[in-house]
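I have placed the structure first, in the form of structure tokens, so that the comments after it can refer back to it.
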Amino acid sequence: MAFQIEQIVLRKIRMPLVHFFETSFGRTYERKMVLVEVRAGGVSGWGEVTCGENPFYNEEWTDSAWLILKDYVAPRVIGHPFGSAAEVAARTAHIRGHHMAQGGLEVACWDLEARQAGVPLWKQIGGGARNEIPCGVSIGIQDSVPQLLEKIRVEVEAGYQRIKMKIKPGWDVDVIREVRREFPSIKLMADANSAYTLADIDRLKRLDEFYLMMIEQPLAHDEIIDHVPLQAALQTPICLDECIRTAHQAAQAIRMKACGIINIKLGRVGGFTEAKKVHDVCQAAGIPVWCGGMLEAGIGRAHNVALATLPNFVLPGDVSASKRYWKQDIIQPAVETTPHGTIVKRDGPGFGYELDMDFIKHITEQEDVLR
Ligand code: OSB
Ligand code: MG
């Protein structure tokens, strides 16, 4: 459906996390996020930029995303006659990197298009293969093993279908052994966020005895090639996250046998158009995918739910209930899970939740209306 963006409103919001979240690259206590509202013909579409507060997961951070959107993305898209949301990514593809900034705008355009058509976002992107998406949780590095075991117990009892634990050198083999002793039959995986190198191959091989579903991004954030010899040496499938930013890279990684699974994050690949391409490449090659998370607020979470209704999202993802991260979310109702660890897709127009505009205004630290 054709549209022409008249205005873009950027809002920088700040939200404290219920509990700090620690990965191999650091601790996060609160999120600073950019919300993107695109306005056309009296309808608004919404997106959320998923980058971190610092350039530690990838090169982007909240303030870089703000500048990229204001100075490079907005001028290229405002007033441009788009035939459909599927054309938006190509319009900003000359910008090197900064996929999360570009993606924040791109997903807002899909939401806009779905709202203009009066259909749910999952339908607009070609999803709807399942009514409920299977959910797992990502549990950060804790101060102690008993704390980790307690967190896992809470999430297993809440019904989540798989547990992902963050690892780094020194918080890996011995900790996973304790987890396995306590929880011998849960679906368990580990995410290293690039904390190892090929020199650690013997240490990583020791993880095979814990029959993990997968090990996520063990090697460098921009490294595909070194994962090839590592995957050949491991029984456990490698899942790539950070280093897959395009469908082309997904195809290369699969061809080289660098991984057995791919985590798709909307922001990391620049939005729905590229995410669908990654999905299709993986599906054609028989590589299962799941939907990753970036500690999103409600808009990003709702977009992830829509994405995970595409057919090849067969593994439980990192999309979980709002309350695990937020005392109050920016959407209503908050994202909730069923007792069997799923989230039911929404059937209203667009991403299917209401925005809590009063709360959004309350937590907005900066706002810019671009025309
Ligand atoms: O690597 O998947 C990751 C959070 C921030 C940055 C990177 C990652 C994560 C998570 C959290 O694992 C997933 C979630 O949003 O629940
Ligand atoms: Mg990851």
Side-chain angles (χ1 to χ4, degrees), residues 15 17-33 48-62 65 99-100 133-142 148 151-152 154-155 158 160-168 171 188-196 212-223 227 237-245 259 261-269 289-305 307-308 315-326 329 334-335 337 341 343:
M15 291 169 80
L17 289 165
V18 177
H19 188 272
F20 70 78
F21 190 85
E22 183 171 332
T23 63
S24 61
F25 57 80
R27 246 181 213 194
T28 307
Y29 291 88
E30 63 166 9
R31 298 279 286 116
K32 281 199 295 180
M33 291 171 265
E48 184 181 313
V49 180
T50 62
C51 62
E53 291 64 47
N54 297 293
F56 299 159
Y57 166 82
N58 64 5
E59 79 284 359
E60 301 185 77
W61 72 100
T62 315
H99 288 180
M100 290 172 163
I133 64 153
C135 303
V137 289
S138 176
I139 300 183
I141 294 165
Q142 305 295 314
L148 174 64
K151 291 223 149 181
I152 294 175
V154 166
E155 305 298 7
Y160 284 104
Q161 297 186 13
R162 73 102 169 93
I163 301 292
K164 158 169 143 184
M165 55 182 284
K166 295 288 190 178
I167 57 168
K168 64 177 182 182
W171 182 270
L188 183 66
M189 61 172 288
D191 185 359
N193 287 109
S194 308
Y196 300 89
L212 302 174
M213 290 176 84
M214 66 195 94
I215 301 173
E216 189 177 344
Q217 196 73 35
L219 307 180
H221 72 99
D222 54 356
E223 180 68 72
H227 286 95
I238 289 175
C239 171
L240 294 178
D241 173 356
E242 281 89 328
C243 66
I244 305 298
R245 294 156 164 254
C259 64
I261 299 170
I262 288 179
N263 158 344
I264 301 183
K265 288 180 180 168
L266 266 178
R268 198 190 66 225
V269 302
V289 304
W290 53 276
C291 184
M294 289 293 296
L295 314 177
E296 287 92 344
I299 298 171
R301 225 160 264 280
H303 282 109
N304 288 341
V305 174
L307 179 68
L315 297 172
D318 275 349
V319 188
S320 57
S322 301
K323 68 174 181 200
R324 294 190 59 249
Y325 293 108
W326 317 116
D329 204 343
V335 175
T337 50
I343 296 171

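Start at 1 with the first residue, then count along the sequence. For ligands, and for the atoms within them, numbers begin at 1 and follow the listed sequence.
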Original post:
Under a 4.0 Å heavy-atom limit, does Thr23 contact ligand 1 with its side chain, its backbone, both, or neither?
Top reply: neither
Original post:
Does the pair Met15 and Tyr325 meet the rule for a side chain to side chain contact (heavy atoms under 4.5 Å, CB included), with working shown?
Top reply: CA-CA 10 Å; Met15 291 169 80; Tyr325 293 108; over 6 Å; no
**OP:** Provide, to 0.1 Å, the distance between atom 13 (C) of ligand 1 and the closest protein heavy atom, together with that atom's residue and name.
**Re:** Gly293 O, 3.5 Å
**OP:** State plainly whether the residues Arg268 and Asp241 are in salt-bridge range, i.e. N to O under 4.0 Å.
**Re:** yes
**OP:** Using a strict cut-off of 4.0 Å, indicate which atoms of ligand 1 neighbour a heavy atom of Glu216.
**Re:** 2 (O)
Subject >> Presence of salt bridge, Glu22 and Lys168, under 4.0 angstrom >> reply: yes
**OP:** Give the numbers and elements of all ligand 1 atoms closer than 4.0 Å to a heavy atom of Lys166.
**Re:** 1 (O), 2 (O), 3 (C), 8 (C), 9 (C), 10 (C), 12 (O)
Original post:
Do ligand 1 and Lys164 have nitrogen or oxygen atoms that lie under 3.5 Å from each other?
Top reply: yes
Original post:
Salt bridge between Glu216 and Arg162, side-chain N to carboxylate O under 4.0 Å?
Top reply: no
**OP:** State whether the side chain of Ser194 and the backbone N or O of Leu219 hold a donor-acceptor pair below 3.5 Å, judged by distance alone.
**Re:** yes
Subject >> Top protein contact for atom 1 (O) of ligand 1, by heavy-atom distance >> reply: Asn193 ND2, 2.7 Å
**OP:** Indicate, as side chain, backbone, both or neither, the part of Gln217 found under 4.0 angstrom from ligand 1 when only non-hydrogen atoms are considered.
**Re:** neither
Original post:
Do Asn193 and Phe56 touch side chain to side chain, with heavy atoms closer than 4.5 Å?
Top reply: no
Original post:
Which of the N/O/S atoms in Asp241 sits closest to the Mg ion (ligand 2)?
Top reply: OD2
Original post:
Is any N or O atom of Asp191, backbone or side chain, closer than 3.5 Å to an N or O atom of ligand 1?
Top reply: yes
Original post:
Going by the order shown, which atoms of ligand 1 are within less than 4.0 Å of some heavy atom of Ser138?
Top reply: 10 (C), 11 (C), 12 (O), 13 (C)
**OP:** Would you give the angle at the Mg ion (ligand 2) between Asp191 atom OD2 and Glu216 atom OE2, to the nearest 10°?
**Re:** 100°
Original post:
Quick one: nearest non-hydrogen protein atom to atom 6 (C) of ligand 1, plus distance?
Top reply: Met294 SD, 3.6 Å
**OP:** Identify, for atom 15 (O) of ligand 1, the protein heavy atom at the shortest distance, and state residue, atom and that distance.
**Re:** Leu295 N, 2.8 Å
**OP:** State whether the side chain of Glu48 and the backbone N or O of Gly300 hold a donor-acceptor pair below 3.5 Å, judged by distance alone.
**Re:** yes
Original post:
Arg31 versus Glu296: any side-chain heavy-atom pair under 4.5 Å?
Top reply: no
Subject >> Steps toward side-chain hydrogen bond (donor to acceptor under 3.5 Å, both in side chains) verdict (Asn58, Glu242) >> reply: CA-CA 7 Å; Asn58 64 5; Glu242 281 89 328; over 6 Å; no
**OP:** Identify the protein heavy atom lying closest to atom 16 (O) of ligand 1, giving its residue, its atom name and the separation to 0.1 Å.
**Re:** Tyr325 OH, 2.5 Å
**OP:** Please confirm whether the backbone N or O of Gly52 pairs with a side-chain atom of Thr62, one donor and one acceptor, at under 3.5 Å?
**Re:** yes
**OP:** Ignoring angles and geometry beyond distance, decide whether Phe21 reaches within less than 3.5 Å of ligand 1 through its nitrogen or oxygen atoms.
**Re:** no
Subject >> Proximity of Asp241 to ligand 1 by residue part, where a heavy atom lies under 4.0 Å >> reply: side chain
